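Notes to accompany the following structure.
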Amino acid sequence: MKKALLALMAALTLLPVQLSAGKKPSELKVISYNIRLGSADDGTNSWTYRAMASVEMINDQKPDIFGLQEAMDEGCRGPMGQTKTLVEYCPGYKCVGIGREDGKEKGEKMAIFWNKKTVKMIKWGTFWLSETPDEPSMGWDAACFRTATWALMKDKRSGKKFYYVNTHLDHVGWEARKKGLALIVERIAAINPKGYPMVLTGDFNMTIDRPEFDDLKKIMTNARESAYKTDHVKTFHNWGKVKGDDKDYIIDYIWYSGFSSCPEYETITEEYSGRKFVSDHYPIKATLIF
């Protein structure tokens with residue numbers, strides 16, 4: 001009887017610990033990375049010289065999901081295209097994305113990568129930031145074709161579904177930035193009637209004080225500004241040539257809605273494979289809690 005009582009007391013003592021462990025929140029590690037188009041002649045910073053640095057960065061950071069801007073496969077300088085290199089040398093990752101010029105392989109891709117061990121792809125698509133978003137087209141005063149890729153995903157650890165959207169707004173046209181972002185806000189609402197958690201990543205080519213962000217701020221939260229642990233390092237550095245106040249060159253973002261919190265945001269400035277810069281932008285990372 002005494003032994004049974006002692007065993008019961010021990011079990012009751014351990015119960016709160018077990019319950020606490022069972023309630024551990026599920027995390028989603030997200031990266032947004034402007035990889036710098038692989039066709040660019042950047043001298044010793046061209047893709048052929050820094051491909052393995054990008055691979056090492058992803059394998060070191062181990063995101064559950066990440067979005068690439070400017071990713072190219074056709075016309076790339078180097079033995080292999082950019083998305084193909086990461087699929088080949090980053091074990092466990094898959095990706096989706098189409099070329100913005102023809103809806104196939106031509107031009108830059110707004111690619112979405114996910115870790116097959118932690119995330120499952122359900123469905124995905126791409127739309128153009130233009131007056132005719134369902135076909136390859138250039139919008140308003142844009143200098144380039146611009147797109148957004150979206151995906152409905154499932155977190156395998158928690159079983160929760162979420163949407164991920166990845167984009168790159170135009171670098172020249174202010175009207176294209178304004179109306180392109182307005183289209184993204186409209187599409188986010190349309191594709192997500194059930195109100196699943198949502199992540200939006202990308203190079204927005206403008207600083208956070210711009211009025212073009214006003215409508216997005218009403219429905220999503222900026223990870224950099226809301227994280228418990230954060231920084232305010234410039235994201236565009238042009239191979240270290242950009243000088244001046246960092247806030248004037250923070251143009252890459254991770255936005256979210258439907259998650260309970262963002263404990264950590266980080267601008268990734270580490271050197272990889274002996275290279276000071278993996279791109280002309282620093283990748284950015286956020287940890288989101290379902």
Side-chain angles (χ1 to χ4, degrees), residues 24-36 54 56-69 112-115 118-119 155 157-158 160 162-169 177 181 184-185 188 197-238 240 242-272 276-290:
K24 182 180 178 181
S26 182
E27 297 181 347
L28 187 74
K29 293 183 180 179
V30 178
I31 280 179
S32 181
Y33 178 27
N34 183 323
I35 199 169
R36 175 60 173 167
S54 288
E56 187 178 326
M57 185 273 292
I58 294 299
N59 287 334
D60 176 54
Q61 296 292 334
K62 298 179 176 61
D64 296 304
I65 192 165
F66 64 96
L68 293 185
Q69 302 89 44
I112 297 176
F113 281 72
W114 68 96
N115 185 332
T118 60
V119 175
D155 179 71
R157 298 155 296 189
S158 66
K160 294 183 178 180
F162 67 96
Y163 276 97
Y164 189 99
V165 182
N166 183 45
T167 195
H168 189 180
L169 299 184
R177 264 168 271 183
L181 186 52
I184 290 170
V185 170
I188 282 174
M198 175 83 70
V199 183
L200 170 63
T201 60
D203 174 355
F204 289 71
N205 272 312
M206 56 186 172
T207 54
I208 196 63
D209 57 329
R210 291 291 309 182
E212 288 82 0
F213 279 120
D214 288 350
D215 287 341
L216 181 61
K217 289 177 181 178
K218 295 175 184 177
I219 62 170
M220 301 192 82
T221 301
N222 181 1
R224 179 185 293 105
E225 294 184 339
S226 65
Y228 302 129
K229 180 182 178 182
T230 191
D231 63 49
H232 292 87
V233 177
K234 65 169 68 81
T235 63
F236 175 66
H237 55 77
N238 192 25
V242 166
K243 308 300 179 185
D245 196 323
D246 280 8
K247 69 179 178 64
D248 295 329
Y249 300 97
I250 295 175
I251 59 175
D252 300 88
Y253 299 88
I254 298 173
W255 297 84
Y256 67 92
S257 63
F259 291 85
S260 64
S261 64
C262 175
E264 186 171 1
Y265 167 91
E266 179 186 0
T267 307
I268 301 169
T269 60
E270 287 96 327
E271 295 183 16
Y272 288 99
K276 186 172 179 62
F277 304 113
V278 295
S279 175
D280 62 341
H281 289 238
Y282 289 125
I284 57 175
K285 179 177 70 173
T287 301
L288 304 176
I289 305 298
F290 280 102

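This is a predicted model, so every value here is computed, not measured.
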task = Dump the intermediate steps for salt bridge (Lys or Arg N to Asp or Glu O under 4.0 Å) on R157 and D64, then the final yes or no.
result = CA-CA 11 Å; R157 298 155 296 189; D64 296 304; 3.3 Å; yes
What's the shortest heavy-atom distance between [X] and [Y], and which atoms?
X	Y	answer
A286	I254	N-CD1, 3.7 Å
I31	M57	CD1-SD, 4.3 Å
E212	L181	O-CD2, 3.3 Å
I268	K285	CD1-CB, 4.0 Å
Q69	N166	NE2-OD1, 2.8 Å
I65	F162	CD1-CE1, 4.0 Å

To the closest 0.5 Å, what do you measure between [atom1] ([X]) and [atom2] ([Y])?
X	Y	atom1	atom2	value
H281	R36	NE2	CZ	8.5 Å
L216	R210	CG	CZ	15.0 Å
M198	S257	CE	OG	6.0 Å
I284	F66	CD1	CZ	14.0 Å
N238	F277	CG	CZ	9.5 Å
R224	D231	CZ	CG	7.5 Å

Does a side-chain heavy-atom distance below 4.5 Å link [X] with [Y]?
X	Y	value
I35	S54	yes
F113	Y33	no
V165	T201	no
K29	L288	no
T207	K247	no
I289	S26	no
F236	V242	yes

Tell me if a side-chain donor or acceptor on [X] pairs with a main-chain N or O of [Y] at a distance below 3.5 Å.
X	Y	result
T167	G202	no
D155	K160	no
S261	P263	no
K217	I208	yes
K62	N59	yes
T235	Y249	yes
N34	L68	no
Y164	G67	yes
Y253	I250	yes

query = Passes side-chain hydrogen bond (donor to acceptor under 3.5 Å, both in side chains), D252 versus S32? Steps please.
reply = CA-CA 7 Å; D252 300 88; S32 181; 5.2 Å; no
Could you tell me which residues satisfy side-chain hydrogen bond (donor to acceptor under 3.5 Å, both in side chains) with [X], sequence neighbours excluded, listed by chain and number?
X	value
D248	none
T269	none
Y272	D60, Q61

request  = Check the pair E266, T287 against side-chain hydrogen bond (donor to acceptor under 3.5 Å, both in side chains), reporting the backbone distance first and the verdict last.
outcome  = CA-CA 9 Å; E266 179 186 0; T287 301; over 6 Å; no
message = How about NZ on K276, more than 12 heavy atoms from neighbouring residues, nucleotides or ligands closer than 6.0 Å, or not?
response =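 12 or below, so no.
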ask   = Under 6.0 Å between the ring centres of F259 and F290?
value = yes
query = Can R177 be said to sit on top of F204's aromatic six-ring, NZ or CZ under 6.0 Å from centre and within 45° of the ring axis?
reply = no
ask   = Would S226 and Y265 count as a side-chain hydrogen bond (donor to acceptor under 3.5 Å, both in side chains) if you check the C-alpha gap in whole Å, the side-chain angles of each, and the deciding distance to 0.1 Å?
value = CA-CA 9 Å; S226 65; Y265 167 91; over 6 Å; no
